[in-house]
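Worksheet: the structure to be examined is printed underneath.
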2 protein chains.
Amino acid sequence: MATETRERIVEAADLLFYQHGFEATSFADIARTVGISRGNFYHHFKTKDDILDGVINRRLANTEQMLDRWEIAGSDPAERIRSFIHILIVNGEKIRKFGCPVGTLSSELAKLNHAAKSDAAALFTLFRSWLRRQFERLGFGDKSDELAMHILGRSQGVATLANAFDDDRFLRHEVELMCDWLDVQIADLTNSNHPTGE
Amino acid sequence: MATETRERIVEAADLLFYQHGFEATSFADIARTVGISRGNFYHHFKTKDDILDGVINRRLANTEQMLDRWEIAGSDPAERIRSFIHILIVNGEKIRKFGCPVGTLSSELAKLNHAAKSDAAALFTLFRSWLRRQFERLGFGDKSDELAMHILGRSQGVATLANAFDDDRFLRHEVELMCDWLDVQIADLTNSNHPTGE
DNA sequence: GACGAACTAGGACGATTGTCCTATTTTCAG
DNA sequence: CTGAAAATAGGACAATCGTCCTAGTTCGTC
């Protein structure tokens, strides 16, 4: 079936782009991985940028799906944020090898001056909006976006260094710190809501 | 003179690697920028990896020099750490366009499985050790390395997101937060040294 | 069962890649 | 001034890049 082959191509490209980068992954590499000819390849994707579009859309869909699942599973917004923070540990091995899929793609496309850079940034926006929504539900109001960006930035930095030093201990320690930070934020919020004590 | 041309090559390669990445920068690109022939080029650098080595060594030397200058200029270790944090603002424009030179190179080489990955990580180590030394002087003892890594990670994350969103406000806000964090760390330290109060 | 569309294979294309070679020019010590 | 070494230019090299084309094959629909 057509869609099946197309799906296999995007899936293979997704993995290769993550592991070796967009620029370093060739048309031939993907075709070889999928086990199809380059000619067949071109029937599904006219240009390399088309594949990139496909990969980004796939990641957008997958991410959205994951965030939706969290939205249902965890009843507590704080617990959902902790779910986000813990991706660093869940995907720890991959991150130590290849970095964060979102951050590294965004950085590469920025350097390549690639038109799809904003599409890659949309992946970040997905997380950002989701996190902001959780903070809003916790009652942080206008500060929610700032807090979302803060968490997002922290996890990006942790991914970068865990990758550079291949350091699992650091990664886990920073995850703890981020959870501690979250607890403090929530505690400060409840204090400021009841300034005179109970 | 020989060394002069060599220096110009490394300088141009340094900039191009930063702005467009190592993989995306070709031999011809560098030669064109410097204004020399590819043949002349090969006389100075046998392979592309040799240029990468040259660029990394140049960055190592420049970084070391910058850190040494800070070590002399600022008498207070805390002030020196603030100098480090403020690179984000000083180089803000470049960072928003191309990300952090250290982090993006490290990420790219990790994906390329390049032998020089550890050399690029040495750039991180330079900052890490310097920061650890400052924390040690402030009296943080065994915690110094953890704090150094924390600061390093935070700035990496800020650079990644400032680049992805081209957001100067976020960058400046996070720099403030990092400085606040530093103040809290120092305050906590002095409190724990005088647990019963003055 | 026939026929058009979708799918697949494999090769050709010009351009560019990193690398290497051979001339020519420049530099500088004896 | 001379001759060896260093520096430079420019092209050749095979390999690979993204792209495109032309054949076959398979499929679904009348």
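In the text below, chain A, chain B and the rest are named by the order of the sequence lines, each starting its count at 1.
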For [X] and [N], give me the distance from atom [atom1] to atom [atom2], rounded to whole Å.
X        : N       : atom1 : atom2 : answer
Leu16(A) : dG18(D) : CG    : P     : 12 Å
Ile9(B)  : dT8(D)  : CD1   : P     : 8 Å
Phe41(A) : dG11(C) : CZ    : C1'   : 17 Å
Phe27(B) : dA9(D)  : CZ    : C1'   : 15 Å
Arg38(B) : dC13(D) : CZ    : P     : 14 Å
Ile36(A) : dA6(C)  : CD1   : C1'   : 14 Å
Arg32(A) : dG18(D) : CZ    : P     : 11 Å
His44(A) : dC20(D) : NE2   : P     : 17 Å

- [ ] Look at atom CG of Asp142(B) and say whether more than 12 heavy atoms of other residues, nucleotides or ligands are closer to it than 6.0 Å.
- [x] no
Task: Test item: Arg38(A) side-chain N/O and Ala28(A) main-chain N/O as donor-acceptor pair under 3.5 Å - done: no
Task: Glu108(B) side chain vs Phe22(B) backbone, donor-acceptor pair below 3.5 Å - done: yes
Task: Distance flag, aromatic centroids of Phe165(B) and Phe170(B), threshold under 6.0 Å - done: no
TODO: Between dC17(D), dG10(C), dG10(D), spot the one nearest the side chain of Ser37(A), thanks.
DONE: dG10(C)
Open item on the list: Please compare Tyr42(B) and Gly39(A) by the position of their nearest nucleotide in DNA chain C and report the one closer to 5'.
Closed with: Gly39(A)
TODO: Map Lys46(A) and Ser26(A) onto DNA chain D by nearest heavy atom, then report which one ends up closer to the 5' terminus.
DONE: Ser26(A)
